[in-house]
Asks: 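Quick one: the structure is below, questions incoming.
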Amino acid sequence: MTNKKLLLIDGNSLAFRAFYAMYNQLDRMISHEGLHTNALVAFNNFLDKIVDPMAPDLALVAWDAGSGKETHRGKLFPEYKDGRSKTPEEFKEQFPYLREMVMLHGLRNYEQVGLEADDIIGTYSRLGEAAGYSVIIVTGDQDLTQLATENITVNVTKKGVTDIESFTPEYIKEKFNLTPAQIIDKKALTGDTSDNYPGVTKVGEKTALKLLSEYKNIDNLYANIDAMKQSKMKENLINDQKLAFQARELATILTDATLELPLAELEYRGVDFENIVPFYENLDFKQQLAKIKALRKSGQIDSTKDQDDDVRFVPLTENNLHSITMLGSKVAVHIEFVGDNYHDGEMIGFVIGNPEIGYYASRDVSLLKTDELKSVIENEDVLKNVFNVKAQLVLFKRLGLDLKGVNFDFMLVAYLLDTVANDNVLSTLAQRFDVYLTPDEDIYGKGAKFAIPTDDHVVLSHITSKADGLFKLENPAFSELNQHQQTHLYTDIELPLAFVLAEMEYQGIKVNPEYLTEKGKDLSERISDIQSAIYIEAGEEFNLNSPKQLGVLLFEKMGLPVIKKTKTGYSTAVDVLEKLAAQAPIVDHILQYRQLAKLKSTYIDGLLSVIYPEDSKIHTRFLQTLTQTGRLSSVDPNLQNIPMRSEEGRLLRTAFVPSKSGWKILGADYSQIELRVLAHVTDDKNMQKAFLNGEDIHAETARAVFGLADDAVVDPLMRRTAKAVNFGIVYGISDYGLANNLGISRAEAKNFIDTYFREFPQIHEWMNTIKDFAREHGYVETIAHRRRYLPDIHAKNFNVRSFAERTAMNSPIQGSAADIIKIAMIKVNEALQKNHLQARMLLQVHDELIFETPVDEIDELTEIVTSVMDSAVALDVPLKVDAHYGDTWYDAK
DNA sequence: CAATTCACG
DNA sequence: ACGTACGTGAATTGT
């Protein structure tokens, strides 16, 4: 059974949080009347995301009346809340609208002179509890956790206003080892700087918790203070005793105030959709308005007025197909599909058209195969606007069509403009261009509630609005692209690459399921043997996959030394276990178990589950608009992290085979591409010389760093060290990181770095130049003008800022390497076609390309691939490509 | 849904 | 004094 719910919201503290959560948007979020709306937007989000889904029976938002001076606290302590910085005007002006917003969301506002919001909440929470309600409090102020009981949960916002931490008596016990009542005593000892009342001198949270675990409360503490050991703290406690008791009174929230509104009047009425529309219109909440419109359309809320300002479409049938050929020279095209995976997701409708002539839409995608549609889709001269060209290409391939003439892919353009603000969702990406589209979620729901609306009109008008949106987005997006000097990157790299990737994904790579199944059986046996051995050594059975349980065993029961801790407990990561292996044989067995379990679950079971039975192939998706550097990523499954470093794992590559008998797998990889890019962009003559002379770069680095003669033999340790330094340089070096990696002291690491920078002075100079560039422009870019914004470069926090600085150094390197292989992929594909090779590209793994090819084409393919790859981009150093082939991916080494 | 671990470049 | 090496995805546990 569920109790009735009473929701109590601390209006002031949440509004305050809301204002500062979106403070950086302050100047952007201004309504047409000149009103700042940042706090309103965030507060509205909170009401939508937290309150409405909760559907409480009673609800109230409590506000402070006045400054707090008229309250019992102000009378008790005249300096109460003094010294608070004045509430910004930009915030104050939003207050009346906040109250109206609350009302329109169906909640009561409440304030009362002489009471603070806390006291209103405290009193109603007790009243509600007594009346048998489950009480939920939401606040930004941790002090309210003193109100928690079995029936009263206090939710405190953590970051922003929708990220919440739930305080129950059990949780408070766990987190602070305190009862809710002791929260008051804690405050009594520490005081409150923001409310401007002191506690005991030099007592902060840590000390307060320690004292309370010993003395329970301040009454008991002061009763026993004479017995306390002499210390500075004891002196402070004695001197500040009065302050502590005063602070306790100030910190205590009233639970017995006299209130004017009976509980029964707090009934939650839900959103008043009729009246909230003009309110949102006045504030220019376009996204909210679009959402309400979608809800109306899908029949989830009543609509009294039939206000259909939708983009019109004509239902397409067999009878009006000829209209399609009259659409002219530019259209938007969109096939709607279910889920993320366009390789097997169901196609539920499509739209084609433009704002001038009109849009045609149908739920029946087989209409696309008709001659009329085909003649437009496959016509290069009819320009197409799309969202996610690669997905659309694959969907059309599934229908046997070859989409041509693609002009504008909003998803690709949006990614190039800003890699960070890219969630690949059309409706959110469109907002930055002031185009407001209904989110898919509002039409289809999400998660378990996903459903295609029964009314076809709803689906088709939704996808029509997407197509129409693409026309509104085209000019502003292209114009920004041009301002960024990224037109070439889009037109000549990302867009053609999408076609190459679509073909690779659609082709897929063949795998041998029997091999995986056999290997899986072998692994299962060995895993269970090791597991038994571990249980015997441990003297008990436990969940070996649980780092928590393993930590308890190793570090508590067995008493092994703790080498590293994580946020939540002991670390049991490989580097830790390797250090412990000598001390207990069980550790080595755990490492073996981990390795085999990983192979079995991720690579045997994982891969077997994504083989398409109809062609025995795996069809990954390369995400082209995800990484912050310009690399691709691969999902469903990830084919860019198939094991390689251990022989046991590497053998799994045997399962990846050519799709035709008599064919081979060929792999071609760039050698040291990132260091070559580094030598190029920094224009460091010493490093360039090493590459121009075809030297072993790590050995050459070792000679430089260790001051050896040009022809000296480099011992393996020196080479390994130099290699680590080279890696460190590419990652945006720090002495701390290098020391950690090499297991040397920071001073030694710093020494290496200093020497390195002396030997390669232009690298050093570039590292400073690129950081300056980032600070001045707020972004860094690659050789193809791919951008990465680094707002944190100005952060006050050292860690945050340092991270941005390393990113400033690393991204142009990693990103330029990504540019190069992308260009190579396009050129290789062109060369394959031009030379009429049957061979095809299957995979890209950051610096290597994998192909399948008839045996008799191998020599020609090798020649074409290596020459195209190493001439893809002309750098000031040569690019080097190695190629290998064999019967399987494993053998292409 | 976050945290941990481990696979790759 | 500060205290992380850069970029990813998947499986698993545990709240």
Side-chain angles (χ1 to χ4, degrees), chain A residues 158 163 165-166 170-171 174 419 447 542-551 564-577 590-591 594-607 609-610 620-623 626-646 648-650 652-653 669-670 672-674 678 724-742 746 749 753 788 795-815 817-818 821 843-848:
Chain A
K158 277 202 291 197
D163 187 6
E165 189 174 11
S166 253
E170 299 81 62
Y171 183 75
E174 194 184 303
T419 53
F542 62 103
N543 190 340
L544 252 174
N545 291 321
S546 162
K548 196 175 172 190
Q549 295 181 32
L550 182 62
K564 197 166 76 181
K565 295 199 101 181
T566 64
K567 262 187 252 178
T568 53
Y570 314 109
S571 170
T572 66
V574 215
D575 54 322
V576 173
L577 295 190
I590 292 164
L591 284 167
R594 285 248 179 102
Q595 199 208 349
L596 300 186
K598 175 87 177 180
L599 294 180
K600 176 76 164 65
S601 69
T602 304
Y603 296 105
I604 303 282
D605 299 343
L607 289 177
S609 73
V610 288
T620 185
R621 275 148 47 227
F622 289 106
L623 304 188
L626 180 134
T627 70
Q628 299 306 305
T629 54
R631 276 188 175 184
L632 301 175
S633 86
S634 159
V635 292
D636 258 0
N638 181 358
L639 292 183
Q640 291 181 319
N641 72 345
I642 302 301
M644 167 79 176
R645 291 169 192 169
S646 79
E648 177 94 50
R650 188 175 190 165
L652 294 183
R653 294 184 172 217
D669 65 287
Y670 280 115
Q672 311 290 1
I673 188 165
E674 291 195 347
L678 177 73
V725 179
N726 275 330
F727 266 89
I729 294 289
V730 170
Y731 291 157
I733 195 112
S734 76
D735 51 4
Y736 189 88
L738 182 66
N740 227 357
N741 185 274
L742 281 174
R746 254 178 75 183
I753 294 167
R788 179 169 187 181
K796 290 204 181 67
N797 181 303
F798 173 87
N799 282 325
V800 176
R801 188 177 64 250
S802 301
F803 185 59
E805 287 172 356
R806 291 196 299 277
T807 313
M809 298 184 273
N810 172 264
S811 291
I813 308 295
Q814 192 183 113
I821 195 163
L843 299 175
Q844 186 249 49
V845 193
H846 310 307
D847 64 356
E848 64 177 321

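Throughout, a chain's letter reflects where its sequence line sits, starting with A, and its residues are numbered from 1.
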Asks: Going by ring centres under 5.5 Å and near-parallel planes (under 30°), is A:Tyr736 stacked on C:dA5?
Replies: no

Asks: Measure from NZ on A:Lys600 to C1' on C:dA10 and round the result to the nearest Å.
Replies: 15 Å

Asks: Checking only heavy atoms, does the side chain of A:Ser802 share a donor-acceptor pair with the base of C:dT4 at less than 3.5 Å?
Replies: no

Asks: Whole angstrom is fine here: how far is it from CZ in A:Arg806 over to C1' in C:dA5?
Replies: 6 Å

Asks: Using a cut-off of less than 4.0 Å, is there contact between a side-chain N or O of A:Asn543 and OP1 or OP2 of C:dT13?
Replies: yes

Asks: Find the distance A:Met809:CE to C:dT4:P and express it as a whole number of Å.
Replies: 16 Å

Asks: Which residue, A:Ile729 or A:Leu607, contacts DNA chain C at a nucleotide closer to its 5' end, judged by nearest heavy atom?
Replies: A:Ile729

Asks: For A:Val730, does its backbone N or O pair with a side-chain atom of A:Asn810 as donor and acceptor, under 3.5 Å?
Replies: yes

Asks: Within less than 4.0 Å of OP1 or OP2 of B:dC6, is there a side-chain N or O belonging to A:Lys598?
Replies: no

Asks: Test A:Thr572 against every option in A:Lys564, A:Arg594, A:Lys548 by the side chain to side chain contact (heavy atoms under 4.5 Å, CB included) rule and name the one that passes.
Replies: A:Arg594

Asks: Given C:dA5, C:dG7, B:dA7, identify the nucleotide with an atom nearest to the side chain of A:Gln814.
Replies: C:dG7

Asks: Atom CD of A:Gln549 and atom P of B:dT4: how far apart are they, to the nearest Å?
Replies: 16 Å

Asks: What is the separation between atom CG on A:Leu738 and atom C1' on C:dG3, rounded to the nearest whole Å?
Replies: 15 Å

Asks: Nearest of B:dC6, B:dC8, C:dC6 to any side-chain atom of A:Val574?
Replies: B:dC6

Asks: Examine the base of C:dG3 for any acceptor or donor lying under 3.5 Å from a partner atom in the side chain of A:Arg746, and report the outcome as yes or no.
Replies: yes

Asks: Given atom CG of A:Leu639 and atom P of C:dT8, what is their separation to the nearest angstrom?
Replies: 18 Å

Asks: With no angle test and no hydrogens, is the base of B:dC8 tied to the side chain of A:Gln640 by a donor-acceptor pair under 3.5 Å?
Replies: no

Asks: Stacking between A:Tyr731 and C:dC6, defined as ring centres under 5.5 angstrom apart with planes under 30°, is that present or not?
Replies: yes

Asks: Could you tell me how far C:dG3 sits from B:dA7 if I compare only their C1' atoms? Round to whole Å.
Replies: 27 Å

Asks: Tell me, yes or no, whether the heavy-atom count around A:Phe542 atom CZ, taken from other residues, nucleotides or ligands under 6.0 Å, exceeds 12.
Replies: yes

